[in-house]
Amino acid sequence: MTGFSGHVVFGLGDRCDPPPGFLPVRGGQWGVAFAGRLDDRRTMATALDLPGGHDLTDTELAARAVEKWGSGTPGRLLGDFALAVWFGDERRLLLAGDAMGMRTVYYWRGCDRLLFATSLRDLLALPGVPREVDEVFVADHLAMNYGDDEATFYRSIRKVRPGTCVLMTADADECRVFHQFDPDRRIKLGTDQDYVDRARELLDQAVADRMRGETVAIMGSGGLDSACLAVSARRHAPSVPFLTAVPEPGLPLAPGDGIADERPYVEALAAAFPGLRPEFLPPHPEADWTPENWALTSAGAAPYRMATHITWLNGPARRAVALGATSYLTGAVGNLSLTWDGLRGLPTLLRQGHWFRLARELALTSRGHPRRMASLAWHSLVRPFLGAKRFSELDLLPACGLSEETLRRFGMAERLRQRGNDPSFLLSPDSRRFRIAAICRNRSRRPDGMNSLRSFQGIGNSAPLADLRLVEFCLAIPEDQYLRDGTTRWLSRRLLRTAGVPAMITENRRRGYQHPEWFAHLSRMRPTLPDQLERLRRSPTASRLIDLDRLERVLAKWPENAVAAEADRVGLQVMLQEALHVGAYIAWVEGTN
C-alpha cells in the first residue's frame, strides 16, 4: 500500500469495526493499515514464529506483529513505514511513523472524530479539515529553524513525530517514543578493514531491502554516495539504470571549482561495472522554472525547499518512470552516515590532548596550504570552543525573506537558540551529537518533501544510506574511521576502492554543483517575477509575513551575468526564490479555502 487515509468517530455508541480499508485482526476487533516497506523480514518472521513469513505482504506481516505485540509494535518494526492500528474493543487509535522520517501520519482532531492520512494532500481532501496556515511554522521554514516536532504548515493539522507513536482516545492523546539515537553508544571492531566489511554488509542489506519487489533506477551522480548505491545495486540486479541530471546545453554555468557536469565520473563508474546503464538528462526545455511552481506546491500541499533543484532533477525521475521503474534510489543522508567527512572529529583530538595527530591531520587535510590550514583550524577548532554567538533577528535577513517585523514578532533569534539552531551549534565540538542533532532536525520535515516528490514525479523513492541499521553503525564507530592521514570520508573511500570503483571517483575531493545553470533559468522567469510579487501583495498572510519591498529591491538590482549572480547566490537562489515559492504556497492555500 502506497498510502492510507481514514477516520474514526469516538463515542460510546460507535461501532467497533475498523475503518474502511484496514486489514481486520483479532476477529475483526482490531484493524491495521500500513504504508511503506518492512526490512529484515526474516528476523521479524522468526520472532513471530512464522516460518513461512516470506510469503506474507508487508501489511500482513505488520498485522501479525500487531496481533502479538499490540501497541508495542512500532518499536519492533524496521523500515520506512507509516502505521495505523484501530483497537476497536478499547476504542483507541494508534498512529506511528518510522525513526528516520521517511513516512509518517498526519491527523486532525475535531470535537468527536479524528481524520488521518499519510500525506497532507490526502488529509486535506477529507471533508471538514481546516486549511488555516500556521504562520509561525512558515516563519520557521523560511528561517531554516527546523525542529523535531509534530507541527505542520497547517495550524490544526499535526503529524506523528519520527520514532514515536501516538495513542488516541476520545479524551486524550499519549505520545510514546519507541526509538532514540544514543550518542554514547560505541562499536569497536578488531581492524580497520573490519569496519569497511561491516559497512559494506549493512549497505548491501539496505539496498537489497529497498529493491525487494521493486523495479529500481538510481538517481545518480559522480559522487561517493551514488557510487555506493551503484556497487551494491549491481550485486542484486544484472542491470540497473543510472540516471544523471546534467546542465542544459548552451547556458552559462556558475563559476567555481565545483563539478558542473558529472558525465566523466559516471562514465568511468559504468565502465568499471558493466550492467550500469547511464543516461544523462538535461532539464526539459518546457520545464517550469517559476519560483511559484504550482504543480509542485499542489502535489504535496506544502512548499518544497529549493524547488528549482527538484525541477532540475525531474528529468531523471520522469525517465525512470518511462523505463518502468517503480522506485528510484538516492544518496540522501549519506553525508551524515556512510560518507561522513570526519572533519568535526578534530575537536575531539584537541580535547583529548592528541596534539601531534591533530597537527598532522590539519597539515595533510589542507595539503600544506597555509591559508587553507588556517581556515580549517578556525572553523573546526577555534569557533566551536568560543561559545554561542549572540545574534539578532537582523542577522537572518540575507538568507531569509521574512520581514523585520515578522522576525521580531515571533522572536526568531530566540526560537533558533531554543531549538539548538544557533549558528554556533552548527560548529559543535561533539561530532556524534552534531550528527544526531542534524538527523533529528531534518527528519521531521522529510515526510513533507518525500510525499511531494512521490506525487509530483509519479514514482516512489527511497534512501538506502538513511537505513537505520547503517546510520546507527556509522554513528557508533571511532571517528578516525572517517578521517585518517588527511583523507576525509575515509570509510566510504576504502569501501569503494575494495569494490573496484575507479580512483577518479574514490580520490576525488571536488564537490558536485547541483543546478549550475540556476541563474540562466531564473533569468528566463525574470519578466514574470513582478507579477508574482503583485499576487503576493494581494495575499493577506503572505504580505504580512514576507518583506515584499525587499524582494522588489532585489529584482531592481538584477545581476548582469552568472559571475555577478554567484556573488549574490544566497540572496537570489535562497532568499528571493524561497520567499516567492512559500508566498505562492500561502496564496494557493488561501485560494483553495
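Heads up: numbering here begins at 1 and tracks the sequence.
Checked against the 6.0 Å centroid criterion, the rings of Tyr513 and His515 do not qualify as a close aromatic pair.
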Would you please test Glu135 and Arg409 for salt bridge (Lys or Arg N to Asp or Glu O under 4.0 Å) and show each step?
-> CA-CA 11 Å; Glu135 294 187 16; Arg409 175 159 55 101; 3.7 Å; yes
Between His284 and Glu248, is a side chain to side chain donor-acceptor pair (under 3.5 Å) present by the stated rule, with each step listed?
-> CA-CA 8 Å; His284 192 278; Glu248 185 175 340; over 6 Å; no
Determine, step by step, whether Arg454 and Ile459 satisfy the side chain to side chain contact (heavy atoms under 4.5 Å, CB included) criterion, reporting the C-alpha distance in whole Å, the side-chain angles of both residues, the deciding distance to 0.1 Å, and the verdict.
-> CA-CA 5 Å; Arg454 293 179 186 118; Ile459 187 173; over 6 Å; no
Any chance you could lay out the side chain to side chain contact (heavy atoms under 4.5 Å, CB included) test for Trp558 and Ser523, step after step, and finish with the verdict?
-> CA-CA 9 Å; Trp558 201 254; Ser523 293; 3.4 Å; yes
Starting from the C-alpha separation in whole Å, work towards a yes-or-no answer on side chain to side chain contact (heavy atoms under 4.5 Å, CB included) for Leu551 and Leu555.
-> CA-CA 6 Å; Leu551 300 191; Leu555 295 183; 5.7 Å; no
Criterion side chain to side chain contact (heavy atoms under 4.5 Å, CB included) on Leu483 and Leu346, from CA distance to verdict | CA-CA 9 Å; Leu483 177 64; Leu346 292 175; 3.7 Å; yes
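Using a 4.0 Å cut-off between charged nitrogen and carboxylate oxygen, Asp140 and Arg415 count as a salt-bridge pair. Of the charged side-chain nitrogens involved, at least one lies within less than 4.0 Å of a carboxylate oxygen, so that Glu132 and Arg155 count as a salt-bridged pair. Using a 4.0 Å cut-off between a side-chain N of Lys or Arg and a carboxylate O of Asp or Glu, Arg537 and Glu552 qualify as a salt bridge. The pair Lys557-Asp568 does not count as a salt bridge, with every side-chain nitrogen at least 4.0 angstrom from each carboxylate oxygen. Under 4.0 Å is where a charged nitrogen must lie from a carboxylate oxygen, and between Asp257 and Arg511 no such pair does. Salt bridge Asp149/Arg161: absent, no basic N to carboxylate O contact under 4.0 Å. A salt bridge is defined here as a Lys NZ or Arg NE, NH1 or NH2 lying under 4.0 Å from an Asp or Glu carboxylate O, and Glu590 with Arg131 fails to meet this definition. The existence of a salt bridge linking Arg433 and Asp184 is confirmed by a sub-4.0 Å separation between a basic side-chain nitrogen and an acidic carboxylate oxygen. Ion pairing between a basic and an acidic side chain is recognised when a charged N comes within 4.0 Å of a carboxylate O; Glu414 and Arg408 show no such pairing.
Summarising the geometry of Pro130 relative to Ile157, their closest heavy-atom pair is O-CD1, 4.2 Å, with the distance given to 0.1 Å. Residues Ala299 and Ser452 approach most closely at CB-O, 3.9 Å, considering heavy atoms. Contact detail for Ala254 and Trp518: the closest heavy-atom pair is CB-NE1, 4.3 Å. Ala463 and Met102 make their closest contact through CB-CE, 4.0 Å (heavy atoms, listed as atom of the first residue, atom of the second, distance). Of all the heavy atoms in Pro316 and Leu281, the pair that sits closest is CA-CD1, 3.6 Å. Nearest heavy-atom pair across Leu407 and Glu393 is O-CG, 3.4 Å.
For Arg158 and Trp108, the positive end is not near the middle of the six-membered ring at less than 6.0 Å and at most 45° from its axis. Relative to the six-membered ring of Phe242, Arg263 misses at least one condition, a distance below 6.0 Å or an angle of at most 45° to the axis. Cation-pi geometry between Arg344 and Phe434 is met: the NZ or CZ atom falls under 6.0 Å from the ring centre, inside 45° of the normal. Geometrically, Arg535 does not engage Tyr585 in a cation-pi contact defined by less than 6.0 Å to the ring centre and at most 45° from the axis. Relative to the ring axis of Trp340, Arg489 does not place its NZ or CZ within 45° and under 6.0 Å from the centre.
No side-chain donor-acceptor contact under 3.5 Å links Arg493 and Thr487. Under the 3.5 Å distance criterion, with hydrogens and angles disregarded, no donor-acceptor pair is assigned to the side chains of Gln532 and His581. A donor-acceptor pair shorter than 3.5 Å cannot be found between the side chains of Ser221 and Thr244. A donor-acceptor contact under 3.5 angstrom links the side chains of Asp122 and Ser119, judged on distance only.
Here CG of Leu522 is found 12.0 Å from CD of Glu517. Values are rounded to the nearest 0.5 Å. Rounded to the nearest 0.5 Å, atoms CG (Leu536) and CG (Leu548) are 5.5 Å apart. Taken to the nearest 0.5 Å, the NE2 atom of His521 stands 11.5 Å off from the CG atom of Asp288. Atoms OG and CG, on Ser226 and Leu329 in that order, are 10.0 Å from each other to the nearest 0.5 Å. Summarising the geometry, atom CG belonging to Asp395 is positioned 8.0 Å from atom CG belonging to Leu397; distances are rounded to the nearest 0.5 Å. Taking CG from Leu124 and OG from Ser298, the interatomic distance works out to 12.0 Å, rounded to the nearest 0.5 Å.
For Trp490, there are no ring pair (Phe, Tyr, Trp, His ring centres under 6.0 Å) partners, not counting sequence neighbours. Under the salt bridge (Lys or Arg N to Asp or Glu O under 4.0 Å) criterion, Arg210 pairs with Asp39, Asp80, Asp467, sequence neighbours left out. Residues passing the salt bridge (Lys or Arg N to Asp or Glu O under 4.0 Å) test with Glu566, sequence neighbours excluded: Arg569. Residues forming a salt bridge (Lys or Arg N to Asp or Glu O under 4.0 Å) with Glu361 (at least two apart in sequence, or on another chain): Arg357. With sequence neighbours excluded, no residue forms a salt bridge (Lys or Arg N to Asp or Glu O under 4.0 Å) with Glu262.
Between the side chain of Asp448 and the backbone N or O of Ala302 there is no donor-acceptor pair closer than 3.5 Å. A donor-acceptor distance shorter than 3.5 angstrom exists from the side chain of Lys159 to the backbone of Ala151, with no hydrogens or angles considered. When atom types are taken as modelled, the side chain of Ser403 and the backbone of Asp547 share no donor-acceptor pair closer than 3.5 angstrom.
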Taking only distance into account, with no hydrogens and no angle test, what donor-acceptor pairs under 3.5 Å do side-chain atoms of residues 303-311 form with protein atoms, sequence neighbours excluded?
| from | atom 1 | to | atom 2 | distance (Å) |
| --- | --- | --- | --- | --- |
| Arg305 | NH1 | His141 | O | 3.2 |
| Arg305 | NH1 | Glu578 | OE1 | 3.4 |
| Thr311 | OG1 | Asn293 | ND2 | 3.2 |
| Thr311 | OG1 | Ala307 | O | 3.4 |

